[in-house]
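The structure appears right after this line, and notes come after that.
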Amino acid sequence: MSQVIKAVRGMQDLLPEKKARFRRIEDQARRVLGQYGYQEVGLPVIENTHLFNRLVGSTTDIVEKEMYSFNDRNDESLTLRPEGTAGLVRFVNEHGLAFNQTQRLWYTGPMFRYERPQKGRYRQFDQIGVECIGMQGPDIDAELLLLCARLWRALGIEDQVRLEINSIGDTASRQAFSAALVEFLNDRSDELDEDSRRRLETNPMRILDSKVPTTQALLSGAPRLKDFVDAQSQQHFEDLCAILDAAKVEYHVNPKIVRGLDYYNRTVFEWVTDSLGAQGTICGGGRYDGLVEQLGGKPTPCVGFALGLDRLALMFEDRPEEAATAQIYAVSVGDQARREMMVVAEMLREETGLKIQVHTGSGKLKAQMKKADASGAEVALILAEDELAAGVVALRELRGTAHQTTVVAGDLPEALRKIFKQDR
């Protein structure tokens, strides 16, 4: 017996119910983003490895441990994208969309990181990314946060998420703080967890984000990032908070938020929830004003965020999705009736736009009606010998009264419009 081939570890199959949750989130995001004037773009899943080494940071966990990279037949190193912002910056540079312009863009699709698979964290995962190019004021930072808050309301989870924000200053601010943090921790390195000791040599600011209690206790006496933030960044942050206060968006200033990528500056933020245990961050982002220049473009301010569809979908597991694959289920008995029903269903799709599933193959009427009921459809159309002889189609309402009537095929569109309360 041949071995059963299963999905690659960490790569998930999306069954219809879970895909429906993804679609619900994407549909609401598309609607909300449209309200704010954002345009959808498409980005390649594969990019040049050097793009991520340069922009994401060679000492980040992503580049050091998590990227899926390979050499193609031309011996060029390529990488399955581990995040979307680097590819978006390459995109706007390559197509001349950055210099002296403003762009509000978004994209969606899979990302890939080699991590230990666990609930809410997969090696292939889906994100929606939102990026603003060419705008430097705190007002665009605020717009992104207002946009997120509106999306949570649209999804009905506004009472389950909270906003945490911070300012990490400019490059000089972070360098000065990192030097002070390293000096403080070097004398106490034996008290750090193993991962933090490694980061002390490569990316010390990430130690602030450690989840190890003993490390967090040690950090209580460490230098504070906010004491190193430059005056311009501090003013930018205060102006951002003033806008959020005016818009009545609740937030918590969390000095430990630094984000895991090297390219951030000034504003950083996370939307978090207590509903998902350890995987509590469902959306995160901030400013990355230096990235366009790093790829050879002119200095261009940028800000954006990414939200994880996988984690968001987990928040809807206890909410019923639309199980129905159709609004109408069409059944028929006999070869002639099956042919006629295919034609009738096609006419109704054209005339009404309703979702119609036609039973295919043979089967007794009773068995077909059981499938009609199980489909979740509201109406069944029935065509058998009696209906054929009379030149009508039987229409049975499957929910509530189970009322049944007969209708001439040409009058079916109007009858169905009344049932589904459609305007002509």
Side-chain angles (χ1 to χ4, degrees), residues 6-14 18 21-22 25 43-70 77-88 107-129 192-213 215-216 256-264 268 270-286 304-315 317:
K6 297 184 178 181
V8 176
R9 185 169 185 257
M11 309 294 180
Q12 61 170 331
D13 294 318
L14 296 179
K18 187 165 187 178
R21 296 190 190 107
F22 275 42
I25 298 165
L43 302 174
V45 173
I46 298 175
E47 297 276 6
N48 191 296
T49 301
H50 185 57
L51 175 71
F52 302 110
N53 289 337
R54 181 188 291 187
L55 297 192
V56 175
S58 59
T59 61
T60 60
D61 287 351
I62 289 177
V63 172
E64 283 188 331
K65 301 184 298 183
E66 298 172 1
M67 292 203 312
Y68 279 95
S69 300
F70 59 95
S77 181
L78 303 178
T79 294
L80 293 173
R81 61 184 183 189
E83 58 91 58
T85 300
L88 189 282
Y107 51 88
T108 185
M111 311 290 166
F112 302 85
R113 296 184 193 176
Y114 189 88
E115 299 184 273
R116 183 173 67 86
Q118 53 189 292
K119 187 175 183 179
R121 176 177 288 176
Y122 304 95
R123 292 175 177 175
Q124 177 180 325
F125 55 97
D126 284 81
Q127 286 187 342
I128 292 175
L192 291 171
D193 62 276
E194 182 179 349
D195 201 38
S196 293
R197 282 197 295 271
R198 179 181 61 81
R199 285 174 171 165
L200 188 60
E201 301 296 328
T202 60
N203 199 347
M205 283 183 61
R206 286 301 314 282
I207 298 174
L208 299 181
D209 197 35
S210 172
K211 302 299 188 291
V212 179
T215 296
Q216 281 299 324
K256 294 178 181 178
I257 292 180
V258 295
R259 303 298 293 154
L261 306 176
D262 283 355
Y263 53 61
Y264 285 114
V268 290
E270 293 181 355
W271 289 89
V272 297
T273 179
D274 295 324
S275 303
L276 302 179
Q279 305 303 322
T281 301
I282 59 171
C283 174
F305 68 80
L307 63 86
L309 291 179
D310 304 86
R311 293 184 188 179
L312 267 177
L314 289 174
M315 299 181 71
E317 281 192 330

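Below, each value reflects all heavy atoms present in this structure, side chains not excepted, and no hydrogens, waters or symmetry copies.
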Problem set entry | Candidate list Gln12, Lys6, Met11, test side chain to side chain contact (heavy atoms under 4.5 Å, CB included), partner Val8, passing option | Met11
Exercise. So which of Phe125, Tyr68, Phe52, Tyr114 actually passes side chain to side chain contact (heavy atoms under 4.5 Å, CB included) with Pro82?
Worked result: Phe52
Exercise. Under 3.5 Å, is there a donor-acceptor pair between the side chain of Arg81 and the main chain of Ile46?
Worked result: no
Exercise. Can you check whether Thr49's main-chain N or O pairs, donor with acceptor, with Ser77's side chain at less than 3.5 Å?
Worked result: no
How close do [X] and [Y] get, heavy atom to heavy atom, and via which atoms?
X: Ala306; Y: Gln127; result: CB-OE1, 3.6 Å
X: Met111; Y: Glu83; result: SD-C, 3.7 Å
X: Ile282; Y: Arg311; result: CG2-CB, 4.3 Å
X: Ile25; Y: Leu307; result: CG2-CD1, 4.5 Å
X: Thr79; Y: Ser69; result: OG1-OG, 2.6 Å
X: Asp13; Y: Ala7; result: OD2-CB, 4.0 Å

Problem set entry | Any Trp271 side-chain heavy atom under 4.5 Å of Leu312 side chain | no
Exercise. So, do Ile128 and Leu309 sit near enough that their side-chain heavy atoms are less than 4.5 Å apart?
Worked result: yes
Value rounded to 0.5 Å, distance of [atom1] in [X] from [atom2] in [Y]:
X: Arg116; Y: Arg9; atom1: CZ; atom2: CZ; result: 8.5 Å
X: Leu88; Y: Tyr107; atom1: CG; atom2: OH; result: 5.0 Å
X: Leu55; Y: His50; atom1: CG; atom2: NE2; result: 8.5 Å

Problem set entry | Contacts of type side-chain hydrogen bond (donor to acceptor under 3.5 Å, both in side chains), residue Asp274, not counting sequence neighbours | Arg162
Problem set entry | Ser275: partners by side-chain hydrogen bond (donor to acceptor under 3.5 Å, both in side chains), with sequence neighbours left out | Gln160, Thr273
